[in-house]
Amino acid sequence: MKFSEMPYERPDKDEIIGNIKRLTKELESAKSFSAADEIFLREDKYFRHINTLQTICAIRHTIDTRDKFYDEEENFWNSASPEISEFLQEWTKALLNSEFRSELEKKYGDIIFLNAEIELKTFSPDIIPLLQQENDLVQEYEKLLASARIPFENGVYNIPQMAPFKNDSDDKRRLSAWKAEGKWYSDNGAKLDEIYDKLVFLRDKAGKALGYKDYTQLGYYRMMRNCYDKNDVEKFRNAVIKYLVPVAQRLCKEQAQRLNVPYPMSFADNALMFREGNPKPAGNADEIMRQAKLFYDGLSNETSEFFADMTEKETMDLLAKEGKTGGGYCESIYDYDIPFIFANFNGTRDDVETVTHEAGHAFAGWYNRKRVPAQTVWPSLEACEVHSMSMEFFSWLNAEGFFGDDSEKFKYAHLASSITFIPYGTMVDHFQHIVYDHPEYTPEMRHSEWKRLLGIYMPWLRLDGEIPFYSEGKGWQRQSHIYCDPFYYIDYCLAQTVALEFWTMIQKDPENAWKHYMKFTSLGGSKTFTELIKEAGLKSPFDEECLKEVCETAERWLSK
């Protein structure tokens, strides 16, 4: 069935709650393992169905935020989900306390019970109103960004559509584009600050209502951190500053020399990798997808079948357009055993990186789509990002198809950007720790902290007022994860480190690298992040030597 044909109808909230309550009571009164197992499987099937309805609604809403029907449906889910969570928590308690827990663990693995124990720490009926308000504010932020209309030259563009101009090789045009986009953010800055103020207040209140010092511990539990804590993340941040920032600085100094611009660079100059222009795809969106098919057909039988399935069911929405939210994502549509890819193609190299990134997620979800229960289809999010970021590096095997004469420029830009991204992503995480450690901070104090962190993590950028929005320390407002998914961003940094390990393998032996990748991917969500890394024969990013080695290897390759 094609995505456009998948039916959606708002479910009855009370009926959902009633079904969950009934399943919970049945599990509590089960007299045998076979009976408990049958109830467990029925709950899993029901969860998949309700999740499918919510996912279809969310996808169609993000494709066009102006659609009044799905806007109202999203409002329904924003309100209903926290209320439903109260009864899902009772199911979780019954599962953890079941006299047949050991048999269920033996059959389905212990990770669902480990994650269930963490999940119980994230919710109480007392915080339902706070969760509902948080959902509404996130939706308000997304709709605000989707509504952007930025006048530039002879046209009006949304935020994703501005990207080609912000990467233009003409210095004046590129700077003008950065200023135009920055002006929109500045004009809406008060509203962006107001939304975030409310989000921080609500999240801090929720954390304290659950008995935590602040939101940070709750945020870690909500991110399902099941094998490391904030002390491990802090050690990783220190290693990034020690090993990676100096390498990134050297790369950026070389970039400034290539461009013949002052160092530290302006934000606009930093966006240009080569004087003659950044690498661009060799064709339009249709040609990119034709090359994607050739790439996945050649990579393995499994990826070929996966991509054909996605294409046949039309579960990809790729072009930037009016009313569409920014960014990219992948979701599982459980009832139909198919993932969905959402992107915003805009004519830059990001189009190729996005479709391979999101397809890395989608392939992992598709490959593990039959896993039971549904909670074991996907691992925790940093492991999910290994799927996607590593798939970006496997796309080098078809670099000429995607980029033609720009293929070598693409490889250089992709690897160099991977190195410079990790300090940025780590800074995003550090910023959020500061924010939630100090919920009393004013917007001006937050901007000041972001500006201070830029000097630590990205010293190659010049804060001279040329583009006021960025020089005033407000650039964090562009990062939707800070608003919508707190503490998510460090997952990208951990995953990028692991992906660079895969990149090293690919340079030596692509077939061997793919075997390791498939080992990692084939385990789905059956193990924790650190266990998956070990099973796949990789080093942990929390090992300081791992970050040091991948930096040195990448820098040697780039120097050639």
In chain order, what residues pass the side chain to side chain contact (heavy atoms under 4.5 Å, CB included) check against [X], with sequence neighbours excluded?
X: Ser147; value: Leu144
X: Glu440; value: His438
X: Asp317; value: Ile63, Lys321, Lys324, Phe340
X: Thr311; value: Phe307, Met316

Set of ring pair (Phe, Tyr, Trp, His ring centres under 6.0 Å) partners for [X], sequence neighbours left out:
X: Phe267; answer: Tyr470
X: Tyr488; answer: His481, Tyr492
X: His61; answer: none

Going by salt bridge (charged side-chain N to carboxylate O under 4.0 Å, His left out), name the residues that satisfy it together with [X], two or more places apart in sequence or in a different chain.
X: Lys411; value: Glu408
X: Arg66; value: Asp64, Glu322
X: Asp204; value: Lys208
X: Glu181; value: Lys166, Arg478

Practice task
Answer with yes or no whether the side chains of Glu331 and His361 bring together a donor and an acceptor at under 3.5 Å.
Solution key: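 Result is no, nothing qualifies.
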
Handout entry: Arg10/Glu72 salt bridge by N-O under 4.0 Å criterion
Key =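 The answer is no: the pair does not qualify as a salt bridge.
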
What donor-acceptor contacts under 3.5 angstrom involve side-chain atoms of residues 428-435, with partners at least two apart or in another chain?
unit_1 : atom_1 : unit_2 : atom_2 : d
Asp429 : OD2    : Arg237 : NH1    : 3.3
Asp429 : OD2    : His433 : ND1    : 3.4
His430 : ND1    : Tyr457 : OH     : 2.8
Gln432 : OE1    : Phe487 : N      : 3.1
Gln432 : NE2    : Val428 : O      : 3.4
His433 : ND1    : Asp429 : O      : 3.0
His433 : NE2    : Tyr220 : OH     : 3.0

